[in-house]
Amino acid sequence: MKLSGEMKKALKTVGAGGAVVYLTTSSKNGNPNVVGERFVTLFKDEYILIAEMFAQKTRVNLLENPHGVITMSHPLKGRTWTFSGSATILQEGLPDDYVWEGLRAKDALDEWGDWALKEPPSEVPPDIRPPSLVQRGVITLRVETITDFAPENAGANISL
Amino acid sequence: MAHVTPRMKNWLTGLGAHIAVASKSGIPAVVVVDSATADDDNTIRFKLSEKQVALIRSQVTENPRVAFGPGGIGSIRAAYQFKGAGRLEDNILVVAVDEIYSTKPGPEAGLRLDVLPYEQVIQFETSRWLDNGPPK
């Protein structure tokens, strides 16, 4: 799946000019879960990575039902995009040769396995800054569909 | 039923929400709105466009479970997740909230707020956040 240059620029942490996003998952029997995420990046052009630090229900959901939806939240700047696709958690401890949907876990974890060191949340105000950041892996979504979420165009396929 | 606090209402009515539904087989879908109304202490209403209704009608009909979090900068400043039973009344999605979680990163991520005494939830909010809603 191709992403536009604008999308590539936006799928970064806020401090790097990107955006906070919402990650939506669901249990296998249809109980949805939605959580705001700050540590986000695009990896190898088709995977969106999110730091797995405090995910609890998300983790349970992805283990039983590997689907995810990512929506842009703040700052929006007209970036009304919904990215959907297969999703998983690439966990520290996986074998070096573990490959998910064409992505080698080691590649993602080597680069983004210690997000707080690579991109510390220095711009985050004290009252919402996490007390400590301990990462267990990366939540990974392979982008399969891109749709618009603007109300007048909701659901329109804008995949390139 | 859960008790939605004034701070929660201020964020939801001021900046709307990212609203998640899912089919019975667990395929999620999301609509995003920029405002909401709060009828009482646990009923939140979202006005949807025709296209948003079309996007989620079948899911809400077969599976009324809905989850949502505050939109815009509320996604980080108002770290809550609300869950409840949704129904469509024409183009209005009405959600009776029955679970509220803290999604504040850290040891309180996933803390269920609706089972705490209301005064304790207010104390939780005032001791952690400096605001009572989105910036004007």
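Chain letters run A, B, ... following the sequence lines, proteins first, then strands; residues in each count from 1. All figures in this text were calculated on a predicted structure; none of them were measured in a lab.
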Chain B heavy atoms under 4.5 Å from [X]: which part of the residue, side chain, backbone, both or neither?
X	result
Asn65(A)	side chain
Gln56(A)	side chain
Thr82(A)	neither
Pro125(A)	side chain
Tyr22(A)	side chain

*Can Arg142(A) and Glu46(A) be counted as an ion pair, charged N to O under 4.0 angstrom?*
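Counted as a salt bridge, because a side-chain N and a carboxylate O are separated by less than 4.0 Å.
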Could you have a look at [options] and say which one has the most heavy-atom pairs with chain A under 4.5 angstrom?
options	answer
Lys24(B), Arg128(B), Lys83(B), Gln59(B)	Lys83(B)
Glu50(B), Gln52(B), Lys104(B)	Gln52(B)
Gly74(B), Ala109(B), Gly72(B), Ala29(B)	Gly72(B)
Val32(B), Asp34(B), Thr103(B)	Val32(B)

*Check whether any side-chain N or O of Asn91(B) sits under 3.5 Å from a backbone N or O of Leu48(B) as a donor-acceptor pair, and report yes or no.*
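Yes, Asn91(B) side chain to Leu48(B) backbone: donor-acceptor pair under 3.5 Å.
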*According to the interplanar angle, ranging from 0 to 90°, do the rings of Tyr47(A) and Trp100(A) count as parallel (below 30°), tilted (30 to 60°) or perpendicular (above 60°)?*
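Plane angle between 30° and 60°, so tilted.
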*asked:* Please verify the inter-ring angle class for Phe82(B) with Phe68(B); under 30° counts as parallel, over 60° as perpendicular, anything in between as tilted.
replied: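 Taking Phe68(B) first and then Phe82(B), their aromatic rings lie parallel (interplane angle under 30°).
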_Quiz question: by atom type and distance under 3.5 Å, do the side chains of Glu119(A) and Thr13(A) form a donor-acceptor pair?_
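Yes.
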*Is the closest side-chain donor-acceptor distance between Asp148(A) and Thr80(A) under 3.5 Å?*
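Yes, Thr80(A) and Asp148(A) have a side-chain donor paired with an acceptor closer than 3.5 Å.
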*For Glu52(A) and Arg59(A), run salt bridge (charged side-chain N to carboxylate O under 4.0 Å, His left out): C-alpha distance rounded to whole Å, both residues' side-chain angles, the deciding distance at 0.1 Å, then the answer.*
CA-CA 9 Å; Glu52(A) 205 283 76; Arg59(A) 178 179 179 76; 3.7 Å; yes
*Check against side chain to side chain contact (heavy atoms under 4.5 Å, CB included), Leu113(B) and Met8(B)*: CA-CA 12 Å; Leu113(B) 299 176; Met8(B) 296 171 187; 4.1 Å; yes
*For chain B, find which of Pro151(A), Ser26(A), Gly36(A) contributes the most heavy-atom pairs closer than 4.5 angstrom.*
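Ranked by heavy-atom pairs under 4.5 Å with chain B, first place is Pro151(A).
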*asked:* Quick check on Ile76(B) against chain A: is it the side chain, the backbone, both or neither that has a heavy atom closer than 4.5 Å?
replied: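 Contact with chain A is through both the backbone and side chain of Ile76(B).
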*Can you say whether Val66(B) sits under 4.5 Å from chain A via the side chain, the backbone, both, or neither, judging by heavy atoms?*
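Backbone only.
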